[in-house]
Amino acid sequence: MELSKNYTPAAVEGKWYQHWMDKGYFRSKPDNRPPFTIVIPPPNVTGVLHMGHTLNETVQDILIRRARMSGYNTCWVPGSDHASIATEAKVVNMLKTEKGIEKSQLTREEFLKHAFEWKEKYGGIIYSQIKKLGCSCDWDRVTFTMDDHYYKAVIKVFTDLYNKGLIYRGARMINWDPKAKTALSDEEVQYKDLQGKLYHVQYAIADPSGEPTGQFITIATQRPETIMGDTAICVNPEDDRYKHLAGYFAIVPLVNRRVPIIFDTYVDKEFGTGALKVTPAHDINDYNLGLKHNLEVIDTLNDDGTLSAAAGVFIGEDRFVARKKVIATLHEHGLLIKEQEYTTRLGYSERNPDTVVEPRISTQWFVKMAELTKPALDAVVNGDVNIHPGDRFLATYKYWMENVKDWCISRQLWWGQQIPAYYAPDGTFEVANSIEEAIAQFKAKGADYKASDLRQDEDCLDTWFSSWLWPMEVFNGISQPDNEEIKYYYPTNVLVTGQDIIFFWVARMIMAGLEYKHEKPFSDVYFTGMVRDKLGRKMSKQLGNSPDLLELIDRFGADAVRFGIMISSPAGNDLLFDDASCEQGRNFCNKIWNALKLVKMWEDRVAPGTNAGNDHFAIQWFESRLNEVQQQVAELFKDFKLSEALKIIYSLVWDDFCSWYLEWVKPGFEQPVDAAIYSKTVYFFEQLMQLLHPFMPFATEEIYQQLQNRTAGDDLIVKQYTAPATPDASILVQGALAKEVISGIRDARNKHQIKPKDQIALHIDTTQENTFKQIEEMLAKQVNAKSIAYTKTAIPNCINMVVQKDKFYLETETELDPAAQKEQLEKDLVYLQGFLVSVEKKLSNERFVQNAKPEVVDAERKKKEDAEAKIAAITESLKTL
RNA sequence: GGGAGUUUAGCUCAGCUGGUUCAGAGCAUCUGCCUUACAAGCAGAGGGUCGAUGGUUCGAAUCCGUCAACUCCCA
């Protein structure tokens with residue numbers, strides 16, 4: 001079959017993916033082999049694959065494929081999470097715009113039906129993209145965090161933690177998303193720096209008896225719309241400006257409430273006016289002050305961010321509209337005396353990025369973190385779980401673990417696991433796996449209720465409260481503990497994820513794993529960096545700088561995209577992604593494809609019966625190079641240095657194999673090929689494809705299949721690696737010398753403007769004639785020499801050059817310019833003499849000879865000898881000019 | 001405000017426990033080639049006082065101090 005001019009990914013990718021699927025290569029069942037398990041960090045169902053995912057999935061596929069080829073029973077579990085807030089927001093929006101339905105018109109059950117329909121429709125997009133990328137996930141294991149068994153597992157864990165006293169219900173200051181109308185955990189709030197204003201507002205002062213003194217105290221606030229919730233004014237006890245106000249009151253403007261003036265060192269004398277208005281319901285610090293000083297809490301906001309009746313004024317207005325109105329009113333009354341520019345930080349909702357989060361007091365469910373974090377911290381600190389790269393994230397992890405606050409897990413949403421707390425009419429409640437169990441529990445306490453008497457908590461659980469069970473429940477490890485699969489696959493091997501979810505997810509999975517399996521969920525965590533555009537900007541929808549994955553694959557091929565993202569991806573560092581690197585990947589595929597074409601051309605020209613080729617220097621050399629790189633790759637994989645591994649494979653294939661090896665063994669035009677050389681070349685090619693396969697699965701499989709006729713089941717994807725042999729160091733040195741001589745001669749030819757077609761006669765003055773004798777043929781071909789001769793004396797009228805200790809004379813018909821040659825040689829001479837001086841200086845330094853390691857001193861002596869020999873060679877050459 | 005990280009060729013980055021085969025790679029640039037696998041290619045070349053400044057050492061891109069710039073995390 002005629003091979004196409006260039007590699008055409010579209011023609012092979014779908015074909016091989018289907019073949020692998022048909023053969024069941026991605027499927028895993030427990031057996032006698034050691035397992036190698038990865039659980040996919042579940043992308044959320046609302047998403048499409050972006051470049052961050054692409055990097056992530058590619059890394060996982062590389063690890064899985066390499067393990068599959070290394071004797072492991074590999075299991076890569078795909079899935080997605082339900083993304084409570086984001087999905088509910090999308091569904092609500094869809095219902096409104098497409099069907100004109102408000103969520104409030106629906107029952108919980110009706111809403112969930114719509115949500116599941118939505119998930120069926122859009123949730124699969126991401127899987128098809130992962131397939132396009134070539135990922136070898138076990139598609140029979142797709143798991144969703146709202147699957148029935150998963151749902152039950154989450155409820156079971158909730159009940160269990162509650163019974164252990166690790167979950168409680170209570171009123172706390174929480175982060176409120178007024179758009180989604182739900183509480184958020186601390187981790188779901190993103191802070192942004194903003195230019196705000198500080199308003200200086202006057203409050204009238206009343207004396208201890210309550211009589212107005214006619215004086216005012218000025219406070220500074222960013223949030224004048226919360227004034228109506230003020231229940232104190234606080235100043236620093238050391239502040240001389242306010243000391244006389246002990247026992248006095250302030251009158252809150254707009255609502256004329258009389259509130260105490262309190263003293264606390266919390267207040268910074270230097271900030272603003274040194275006087276702080278205290279609004280316990282709407283600021284975490286004020287809340288704490290309120291607790292300390294026993295202040296009244298007045299919540300002036302509704303759950304949608306509008307002012308509540310408790311505000312007294314501007315009731316029903318949005319908080320930002322109310323702010324403007326309050327300012328205007330204060331201004332009218334002459335109470336607003338100054339506006340000041342001020343840089344501040346505001347919290348935004350992670351899932352509704354345009355919505356400012358409101359600190360709010362609310363009754364929610366919390367997980368007590370202290371007991372759970374302790375073992376999870378130890379697991380990482382003592383190296384049971386290894387984080388890559390290095391321990392760069394260890395400090396961050398430690399800090400968070402040591403300072404973590406209780407985790408708010410209730411969300412005022414429907415899309416998620418409904419909290420299994422059942423309330424009796426009298427307000428008491430029981431937490432149970434089902435309403436029947438709740439009734440029984442009530443009964444045990446002497447309260448007799450029917451199901452219709454009880455009301456289940458309306459709220460659902462934080463998505464992360466389900467995804468922290470992921471490495472266990474994808475194997476039913478919570479719902480059916482100690483089943484065969486969880487025993488076989490858990491703990492998993494590697495977790496590959498972005499560093500941005502270290503707290504959301506990684507830390508909590510470790511906690512859950514230790515709590516429920518008494519074992520870490522994974523041995524290694526590999527953090528990928530953030531994918532940025534080539535200007536270093538984050539990729540975002542707003543900037544439109546995130547390339548479309550499917551379009552990239554169409555343009556370059558999946559292998560090229562994988563290559564592109566991996567080659568620019570040092571572990572853990574942010575990577576600047578540029579289409580150009582995919583282009584490099586495409587060119588690489590093409591290069592290999594063309595090497596295939598060359599080798600295939602030889603297929604019909606094999607000279608039978610000859611085996612002389614086995615002694616060919618190129619074969620021995622490449623065998624060693626291959627072994628050397630195979631060993632290096634194995635080391636790099638151990639350290640998760642995938643990008644570097646790809647780089648050295650790339651260089652092995654392109655430079656060593658294509659540029660040197662193939663040129664060295666290539667027969668003359670239409671000449672026969674030695675049988676041994678041919679079969680060795682095919683073997684090397686297969687080895688290279690095998691080494692490269694995890695990175696570029698499609699092209700390598702295609703080429704592997706093209707190289708020889710294969711029997712059924714002989715597929716590269718499952719071809720097992722063999723342990724590399726030890727490379728022959730002396731052959732490698734000779735190979736390096738050959739390359740250096742060839743490049744040197746080519747350079748000399750170039751510099752003297754000898755046309756590529758003009759032949760030279762080469763004379764070599766060397767002490768290692770045998771070395772050159774065995775590479776004579778390939779050397780002559782590579783530098784276009786018509787003859788090679790050995791000499792012990794200088795040849796006149798030649799281009800002179802020196803490589804290491806050997807002298808080369810290039811005899812040519814072209815007119816030579818001795819002055820230019822002389823200049824070049826003299827330049828080298830000056831450099832070498834300077835080098836020699838520095839080495840001698842070092843060696844004559846007694847302290848160096850005494851203190852340095854013997855091998856270092858020896859190395860310096862060797863350098864000295866080499867430099868002297870080379871100087872001698874150059875000096876001799878110069879004499880002939 | 002607290003903590004972490006980064007600063008090496010035009011660009012993106014390697015350089016582990018200090019020793020001129022460590023001053024590197026890829027891309028980009030320049031020169032010469034449509035050589036019978038590949039112009040998405042081949043053969044070559046140029047380019048950096050390793051952020052600044054002190055110190056330790058026989059010797060520092062590599063260790064320590066200070067400073068500067070940038071990035072990220074936390075409050």
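Each chain gets a letter, A, B and so on, in the order the sequences are listed, and its residues count up from 1. Just the heavy atoms: all of them, side chains too, but no hydrogens, waters or symmetry mates, feed the values below.
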Base-pairing mate for B/G65 - Watson-Crick or G-U, with both contacts under 3.5 Å: B/U53
Residues A/Arg508, A/Glu187: salt bridge by 4.0 Å N-O rule: yes
B/U31: pairing nucleotide in any strand, Watson-Crick or G-U under 3.5 angstrom: B/A43
Donor + acceptor pair across side chains of A/Glu686, A/Gln708 (<3.5 Å): yes
Nearest-angstrom distance, C1' atom, B/C33 to B/C38: 15 Å
Pairing partner (Watson-Crick or G-U wobble, both distances under 3.5 angstrom) of B/U36: none
Same-atom distance (C1') from B/A9 to B/U71, integer angstrom: 23 Å
For atom CG of A/Leu575 and atom P of B/A14, their distance in whole Å: 12 Å
Neighbour count >12 (heavy atoms, 6.0 Å) for atom NZ, A/Lys864: no
Gap between atoms CG and P, on A/Asp758 and B/G32 respectively (whole Å): 16 Å
C1' gap between B/A43 and B/C22, integer Å: 27 Å
Over 12 non-hydrogen atoms of neighbours within 6.0 angstrom of CD in A/Glu777: no
Atom-pair distance (CD1 on A/Ile502; C1' on B/C72), nearest Å: 12 Å
Of A/Lys405 and A/Lys755, the one whose closest RNA chain B nucleotide lies more 5': A/Lys755
Value in whole Å for how far the P atom of B/U21 lies from NZ of A/Lys870: 12 Å
Pair A/Arg555 + A/Asp579: basic N to acidic O under 4.0 Å: yes
P-based separation of B/C70 from B/U8 [nearest Å]: 15 Å
Interatomic distance, A/His752 NE2 vs B/C33 C1' [rounded to whole Å]: 19 Å
B/U20 - base-pair partner by Watson-Crick or wobble geometry, distances under 3.5 Å: none
G-U wobble or Watson-Crick pairing nucleotide for B/G5 (cut-off 3.5 Å, both distances): B/C70
A/Asp656/A/Lys739 ion pair, N-O < 4.0 Å: yes
B/C67 and B/U29, which share atom name P, separated by this distance in whole Å: 42 Å
B/G48: pairing nucleotide in any strand, Watson-Crick or G-U under 3.5 angstrom: none
Under 4.0 Å protein heavy-atom contact, by nucleotide of nucleotides 34-46 of chain B - B base, S sugar-phosphate only: --BBBSBSSSSS-
Between B/U31 (C1') and A/Ile754 (CD1): distance, integer Å: 16 Å
Other residues, nucleotides, ligands: >12 heavy atoms within 6.0 Å of A/Lys781 NZ: yes
Value in whole Å for how far the P atom of B/G59 lies from CG of A/Leu843: 15 Å
Distance between C1' atoms of B/G59 and B/G18 (Å, rounded): 8 Å
Residues, nucleotides or ligands: over 12 heavy atoms within 6.0 Å of A/Lys786 NZ: yes
Pairwise P distance for B/U36 and B/G51, with rounding to whole Å: 47 Å
Base partner of B/A14, which must satisfy Watson-Crick or wobble distances under 3.5 Å: none
Shortest side-chain distance from A/Arg532, nucleotide among B/C72, B/A14, B/C27: B/C72
P atoms of B/A4 and B/C50, separation to the nearest Å: 27 Å
Spacing between A/Gln499 atom CD and B/U71 atom P, to the nearest angstrom: 16 Å
Test salt bridge (Lys or Arg N to Asp or Glu O under 4.0 Å) applied to A/Glu358 and A/Arg223, step by step: CA-CA 11 Å; A/Glu358 197 63 50; A/Arg223 304 202 54 194; 2.7 Å; yes
